[in-house]
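Here is the structure we will look at.
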Amino acid sequence: MSNPYRTKKCHELRASDAGKTERLAGWIHNKRDLGGVLFIDLRDHYGITQIVIPPTAAFQNEVGHLPKETVISVQGQVRPRPEGTVNPNLATGEVELDVTGYERLGSCEPLPMNVFPEDLTPEETRLKYRFLDLRRSKLHQTVMLRAQVISSIRQRMIELGFQEFQTPILTSSSPEGARDFLVPSRLYPGEFYALPQAPQQFKQLLMVSGFDRYFQIAPCFRDEDGRADRTPGEFYQLDVEMSFVTQDDVFAAMEILFIPLFQEFKAEWPINANADGSFQRLAYKESLLKYGTDKPDLRIPIEIKDLTPLFAKSEFKAFAGKTVRAMAVPQAFDQPRSWFDNLQEEAKKLGAPGLAYVKVEPNSGTGVYDSGESKPVYGATLTGPIAKFIKGDAMIEVIRMAGMKLDTVATEPHKFLPTVIFFSADTNETKAAKVLGAMRVKIAEQLKLIEKNVFKFTWIVDYPMYEYNEETKAVEFSHNPFSMPQGGLDALEKQDPLTLFAYQYDLVCNGYEIASGAIRNHVPEIMYKAFGIAGYDKSVVDNKFPGMINAFRYGAPPHGGIAPGIDRIVMLLADETNIRDVIAFPMAQNGRDLLMNAPSPASEKQLREVHLTIRKPVPKV
RNA sequence: GGAGCCAUAGCUCAAUUGGUUAGAGCGCCUCCCUGUCACGGAGGAGGUUGCGGGUUCGAGCCCCGUUGGCUCCGCCA
């Protein structure tokens with residue numbers, strides 16, 4: 001039995017194979033024509049082997065003119081390379097194939113981008129010619145990493161006692177959350193399937209069905225716009241659900257999945273796990289205060305402080321009576337004025353009035369003591385546009401933030417570094433927090449303050465169950481409406497809804513939300529009550545979630561779960577900052593597939609079959 | 001829905017304040033070269049400066065529009 005294309009792969013040949021006649025197949029990776037002898041690096045998925053076309057070969061000129069990326073099959077004799085010409089960078093570097101015959105299997109037209117060397121190429125070209133980009137070592141390896149990560153996750157989940165199930169792709173529209181992708185029904189004119197935003201209800205139904213522990217590497221579809229860490233349209237989740245569990249059980253299950261998984265693929269990167277193998281926990285409210293976001297990047301050594309009370313009666317109108325947050329950044333002290341101006345602009349783009357700052361540095365001078373004796377005294381100097389407004393307790397707190405100890409008599413120089421304190425102030429507490437949170441990240445990026453080669457995980461817990469919508473003047477679910485409120489029915493009935501927490505949690509790593517989950521509300525009575533507070537009566541629940549609410553009437557176990565994002569996990573493990581670089585065939589940010597040319601118009605026949613006519617948007621005048 | 005940035009040879013980039021014939025490296029083509037491995041050397045082809053309009057004696061450069069890509073806000077339970 002012989003394969004017509006190859007007897008060996010391009011990573012296999014060794015010195016011990018010398019003398020054997022073998023056949024290799026692959027792409028012309030690179031050519032070196034020395035006039036007499038012609039070298040070709042032949043590449044396949046597995047590796048590279050140098051093949052030699054000797055001057056005596058009648059086809060040398062012909063092969064020499066095949067362009068790079070032509071697919072050929074060659075046969076010849078394996079031989080050790082002459083002394084001094086071994087290439088230690090190649091697994092097959094001790095040998096070469098002395099070619100006696102070749103066949104062209106696939107010719108190649110002029111390339112729109114180089115496969116080798118891998119020089120910079122516009123992403124548009126890389127997306128359009130994705131098959132070429134995927135040949136390049138970098139992306140090829142990332143996609144392989146992804147395959148291995150998924151394989152490892154699957155294996156680990158099975159070992160942890162989870163069962164893998166498939167759930168429908170053609171399902172019904174879910175009323176909450178993102179925009180759905182709709183699929184018109186041929187059999188039922190005017191009716192539509194929706195692609196699942198997540199298998200949420202199905203996995204809960206599996207728990208009601210008694211399967212105890214479910215997982216799935218599930219495609220999820222949401223018709224929302226893209227970001228650097230978010231693909232438009234579709235993505236993959238490790239969807240997980242467990243019965244008879246508390247929040248702690250879900251956390252423990254994920255911790256024993258993630259820590260070994262991350263160690264498997266990034267052994268040299270430390271993980272900030274506790275000694276008992278758990279991840280730290282941070283309440284949502286505290287995260288918003290200290291980091292200005294619910295997905296804090298803990299690699300950044302900057303924390304935000306609340307100074308609201310200190311400016312309550314300030315004469316500085318920009319701060320007085322508002323939420324005031326501040327953070328100290330010593331590394332910013334020597335930045336030029338233009339740098340600060342630029343930050344101001346960035347803050348304004350986020351809707352802030354500006355970004356106030358004050359510079360604090362140690363100083364020294366001479367003071368006259370009670371005894372009449374002149375002695376050196378030490379303190380701090382505040383400079384900058386708003387320095388004159390920082391007085392009294394606010395000043396004390398600001399220089400304390402700079403690192404100055406104020407509880408001793410300053411008889412010797414203070415040792416703190418010159419520092420910049422940045423402020424954000426807004427009547428809206430969340431906005432004040434988020435603006436400074438965004439600036440925290442931006443400053444850290446610019447000043448390179450983000451710790452490298454490390455994974456910093458944290459759970460974010462105690463999300464509010466409800467929030468008040470200023471525009472609609474109504475109480476709304478702040479996250480998943482299926483989450484169990486902490487305190488259950490009792491809390492729903494007795495507490496102010498806006499003070500309620502949900503058993504809702506996220507897992508964050510290096511500033512990315514990599515998982516989100518909840519302990520579910522499996523009790524119909526509590527479900528109706530929870531929806532009632534958000535303004536939906538019983539019939540809404542019955543109509544929108546008939547399958548699930550009905551199931552809960554027939555013996556539902558307490559259950560909960562979580563859904564880590566596969567793409568983002570691979571992104572972290574591949575050390576990439578663009579999610580498209582960990583996906584074989586990604587769409588562009590605008591939701592177009594430049595390779596397959598999707599979306600594209602449907603034919604009249606196709607439209608007729610699904611009973612649709614196209615209603616184009618009215619062009620803007 | 002909104003904001004910003006980018007678009008010059010197949011690819012990566014340059015082109016002084018708006019001023020002569022838009023340059024270089026890689027790739028491609030021709031030739032030389034028998035031990036290279038990002039081989040080396042000589043020569044050559046390749047451009048409606050994304051597209052449309054405007055300002056100007058003169059536009060790759062300035063202005064308006066448009067297309068495409070990226071980043072961000074909104075959105076993403």
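What you see is a predicted model; the values in this text were computed from it and never measured. Naming: A, B, ... by sequence-line order, numbering from 1 per chain.
Regarding A:R520, its CZ atom lies at a distance of 11 Å from the C1' atom of B:A77, rounded to whole Å. Between A:D223 atom CG and B:A77 atom P there is a gap of 13 Å when expressed in whole angstrom units. What separates NE2 of A:H65 from P of B:G27 is a distance of 15 Å, to the nearest Å. Atom P of nucleotide B:G27 and atom NE2 of A:H29 are separated by 13 Å, given to the nearest angstrom. Atom-to-atom, CG of A:N342 to P of B:C5 comes out at 12 Å; the value is rounded to the nearest Å. Atoms CD1 (A:I579) and P (B:C70) sit 14 Å apart, rounded to a whole Å. In this structure, CG of A:N590 is placed 12 Å from P of B:U67, rounded to the nearest angstrom. The distance between atom NZ of A:K349 and atom C1' of B:A3, rounded to the nearest whole Å, is 8 Å.
For A:N30, a side-chain nitrogen or oxygen approaches OP1 or OP2 of B:C39 to under 4.0 Å. Between B:U71 and A:N578, a contact under 4.0 Å exists linking OP1 or OP2 to a side-chain N or O. For the pair A:R580 and B:U71, the criterion of a side-chain N or O lying under 4.0 Å from OP1 or OP2 is met. Within the structure, every side-chain polar atom (N or O) of A:N89 is placed at least 4.0 Å from both OP1 and OP2 of B:C37.
Nucleotides B:U55 and B:C61, compared at atom C1', are 14 Å apart to the nearest Å. Distance noted for atom C1' between B:G74 and B:U16: 42 Å (whole Å). Across the P atoms, B:G40 and B:G35 are found 15 Å apart, a figure rounded to whole Å. Taking atom C1' on both nucleotides, B:C51 is separated from B:U67 by 7 Å, rounded to a whole Å. The same atom, C1', is picked in B:G47 and in B:A15; the two are 14 Å apart, to the nearest Å. B:G46 and B:C57 have their P atoms separated by 34 Å, with the value rounded to a whole Å.
Nucleic acid contact for A:Q50: base, since at least one base atom lies under 4.0 Å from a heavy atom of the residue. Backbone-only engagement by A:E123 is indicated by non-hydrogen atom pairs under 4.0 Å involving sugar-phosphate atoms exclusively. Within 4.0 Å (heavy atoms only), A:P110 reaches no atom of the nucleic acid at all.
Checked against A:L195 for a side chain to side chain contact (heavy atoms under 4.5 Å, CB included), the options A:V183, A:L182, A:D223, A:D180 give a single hit: A:V183.
Nucleotide B:U56: unpaired (no Watson-Crick or G-U wobble partner with both distances less than 3.5 Å). Applying the Watson-Crick and G-U wobble criteria (two distances, each under 3.5 Å), B:G74 pairs with nothing in any strand. With a cut-off of 3.5 Å on both pairing distances, the Watson-Crick or G-U wobble partner of B:A24 is B:U12.
In this structure, of B:C37, B:U71, B:U34, it is B:U34 that holds the atom nearest to the side chain of A:L34. Among B:C76, B:C37, B:C11, the nucleotide with an atom closest to any side-chain atom of A:R222 is B:C76. The side chain of A:E124 sits closest to B:G68 out of B:G68, B:U12, B:C37. In the set B:U12, B:C75, B:U36, the nucleotide with an atom closest to the side chain of A:F39 is B:U36.
Judged by distance alone with a 3.5 Å cut-off, no donor-acceptor contact links the side chain of A:D119 to the base of B:C11. At a cut-off of 3.5 angstrom, the base of B:G74 holds no donor-acceptor pair with the side chain of A:E224. Side chain A:Q200 to base B:A77: a donor-acceptor pair is found below 3.5 Å. No N or O donor and acceptor, one from the side chain of A:R32 and one from the base of B:G41, sit under 3.5 Å apart.
Environment of NZ in A:K434: sparse, with no more than 12 heavy atoms of neighbouring residues, nucleotides or ligands closer than 6.0 Å.
Nearest-nucleotide positions on RNA chain B for A:G35 and A:L111 put A:L111 closer to the 5' end. Residues A:D225 and A:R592 both approach RNA chain B. Their nearest nucleotides, taken by heavy-atom distance, put A:R592 toward the 5′ side.
A salt bridge links A:K138 and A:E576; the closest N-O separation between the charged side-chain nitrogens and carboxylate oxygens is under 4.0 Å.
Judged purely by atom type and a 3.5 angstrom limit, A:N114 has no side-chain atom pairing as donor or acceptor with the backbone of A:F116.
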